[in-house]
Number of protein chains: 2
Amino acid sequence: MVKARHSRLDCTPGCAVEAAVSLIDGKWKAVILYHLLDGPIRFNALRRMVGGITQRMLTNQLRELEADGLIHREVFAQVPPRVDYSLSDRGLSLSPIIMALKDWGEANMDLFGRRLAA
Amino acid sequence: MVKARHSRLDCTPGCAVEAAVSLIDGKWKAVILYHLLDGPIRFNALRRMVGGITQRMLTNQLRELEADGLIHREVFAQVPPRVDYSLSDRGLSLSPIIMALKDWGEANMDLFGRRLAA
DNA sequence: GCCTATAGTGTCAAAAAGGATACTGTCAGA
DNA sequence: TCTGACAGTATCCTTTTTGACACTATAGGC
């Protein structure tokens with residue numbers, strides 16, 4: 001039951017674009033999805049991969065992605081807790097977007113201060 | 001001379017993704033770029049196409065896109081003023097991203113309240 | 001003479017996003 | 001016994017983004 005976090009779309013042309021960006025905007029979501037492309041991953045592992053994100057933000061973003069039906073959250077009843085995050089089918093269908101972003105970013109690193117090391 | 005609006009990229013993997021989204025995030029930029037794919041367009045025509053954007057926001061977003069080297073701004077010395085906006089080569093190279101967003105958005109309109117009319 | 005369109009700018013305020021820090025409970029290892 | 005890892009919460013605060021509204025100058029049409 002996806003809640004209507006995304007309203008106000010009366011759908012001019014270009015609305016589809018707006019709808020899609022609304023799911024991956026913010027500083028972190030696209031990066032999170034990118035790392036999830038490699039397969040299921042635990043909360044703290046993801047946190048280390050993303051780098052620079054606080055626990056609070058990571059939790060927030062993951063919850064929103066889950067609410068939008070893009071990722072799955074699986075809790076293991078273990079005692080050092082374990083939670084795996086993975087892409088749903090819908091999330092996986094975003095991969096053309098994510099990869100396009102990555103390719104463009106790599107090809108245009110010169111726009112930014114530092115260059116990709118290797 | 002592109003200014004360093006985009007700093008802090010010490011480049012973990014996934015940084016390319018972060019860099020790319022930083023250029024098209026916000027509620028409007030991707031939509032603006034999408035409409036620019038159809039060719040040069042005047043300020044107010046763009047405003048009408050985007051729909052719901054204020055003058056101030058449109059101006060802001062266009063200036064940022066220009067600063068990032070994604071669009072050109074051509075001023076005609078006429079007296080009802082005329083300014084055309086168009087994609088630069090670099091902006092045009094974003095089209096895979098924009099089209100991927102559009103395609104995904106159209107394919108997943110069911111996530112959002114209303115459906116694309118036709 | 002008045003209204004409209006053009007492409008903006010300036011100011012103020014509200015809302016959203018993001019960040020810092022401290023806290024939870026349990027178990028394994030030193 | 002003390003510490004760290006795990007996956008978070010809760011609270012507070014700052015920064016950024018977005019929106020509302022008013023204002024500019026000039027030319028053409030009525």
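Lettering of chains follows the sequences in order, A, B, ..., and the numbering in each one begins at 1.
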*Asks:* Which listed nucleotide (dT6(C), dG8(C), dA22(C)) is nearest to the side chain of R73(B)?
*Replies:* dG8(C)

*Asks:* Rounded off to whole Å, could you give me the CD-to-P distance for the E74(B) and dA7(C) pair?
*Replies:* 13 Å

*Asks:* Considering just the side-chain nitrogens and oxygens of K27(A), establish if one lies under 4.0 Å of OP1 or OP2 belonging to dG19(C).
*Replies:* yes

*Asks:* Between C1' on dT9(C) and CG on L62(B), what's the gap in Å once rounded to a whole number?
*Replies:* 14 Å

*Asks:* Considering only NZ, NE, NH1 and NH2 on the basic side and carboxylate oxygens on the acidic side, decide whether K29(A) and E64(A) come within less than 4.0 Å.
*Replies:* yes

*Asks:* Which is more 5' along DNA chain C, the nucleotide nearest M57(A) or the one nearest V79(A)? Just name the residue.
*Replies:* M57(A)

*Asks:* Checking contacts here: which listed nucleotide (dT6(C), dT18(D), dA7(D)) is nearest the side-chain heavy atoms of Q61(B)?
*Replies:* dT18(D)

*Asks:* I want to confirm an ordering. Mapping Q55(A) and G52(A) to their closest nucleotides on DNA chain C, which one lands closer to the 5' end?
*Replies:* G52(A)

*Asks:* State, yes or no, whether a side-chain contact exists between T59(A) and F43(A) at a heavy-atom distance under 4.5 Å.
*Replies:* yes

*Asks:* Distance check needed: dT6(C) C1' versus L46(B) CG, whole Å only.
*Replies:* 14 Å

*Asks:* Output the distance between atom CG (L65(A)) and atom CD1 (I71(A)), rounded to the nearest 0.5 Å.
*Replies:* 5.0 Å

*Asks:* Please report the distance, rounded to the nearest Å, between CG in N60(A) and C1' in dA20(C).
*Replies:* 14 Å

*Asks:* By nearest atom, which of the nucleotides dC6(D), dT9(C), dA22(C) is closest to the T59(B) side chain?
*Replies:* dT9(C)

*Asks:* Would you kindly give the CD-to-P distance between E64(B) and dT18(D), to the nearest whole Å?
*Replies:* 9 Å

*Asks:* Are OP1 or OP2 of dT26(C) and a side-chain N or O of R82(A) less than 4.0 angstrom apart?
*Replies:* no

*Asks:* Among the nucleotides dC6(D), dT6(C), dG8(D), which one has an atom lying closest to any side-chain atom of R48(B)?
*Replies:* dT6(C)

*Asks:* If you look at every strand shown and take non-hydrogen atoms under 4.0 Å, does R56(A) touch a base, only sugar-phosphate, or nothing?
*Replies:* base

*Asks:* Rounded to whole angstroms, how far apart are CZ on R47(B) and C1' on dT9(C)?
*Replies:* 13 Å

*Asks:* Would you kindly give the CZ-to-P distance between R63(B) and dA7(C), to the nearest whole Å?
*Replies:* 12 Å

*Asks:* Applying a 4.0 Å non-hydrogen cut-off, can you work out what F76(A) is touching in the nucleic acid: base, sugar-phosphate, or nothing?
*Replies:* nothing

*Asks:* Quick check for you: among dG8(D), dT6(C), dT26(C), whose closest atom lies nearest to any side-chain atom of N44(B)?
*Replies:* dT6(C)

*Asks:* Of all the nucleotides listed (dG8(C), dC6(D), dG19(C)), which has the minimum atom distance to the side chain of F43(B)?
*Replies:* dG8(C)

*Asks:* For the atom pair CD (Q61(A)) and CD (E66(A)), what is the distance rounded to the nearest 0.5 Å?
*Replies:* 13.0 Å

*Asks:* How close or far is atom C1' of dG8(D) from atom CD of Q78(A), stated in whole angstroms?
*Replies:* 16 Å

*Asks:* Among dG19(C), dG8(C), dG25(C), which is the nearest nucleotide to the side chain of W28(A)?
*Replies:* dG19(C)

*Asks:* Do I24(A) and L101(B) come close enough that some side-chain heavy atom pair is under 4.5 Å?
*Replies:* yes

*Asks:* side-chain contact (heavy atoms from CB on, under 4.5 Å) with I53(A): which of K27(A), R48(A), R47(A)?
*Replies:* R47(A)

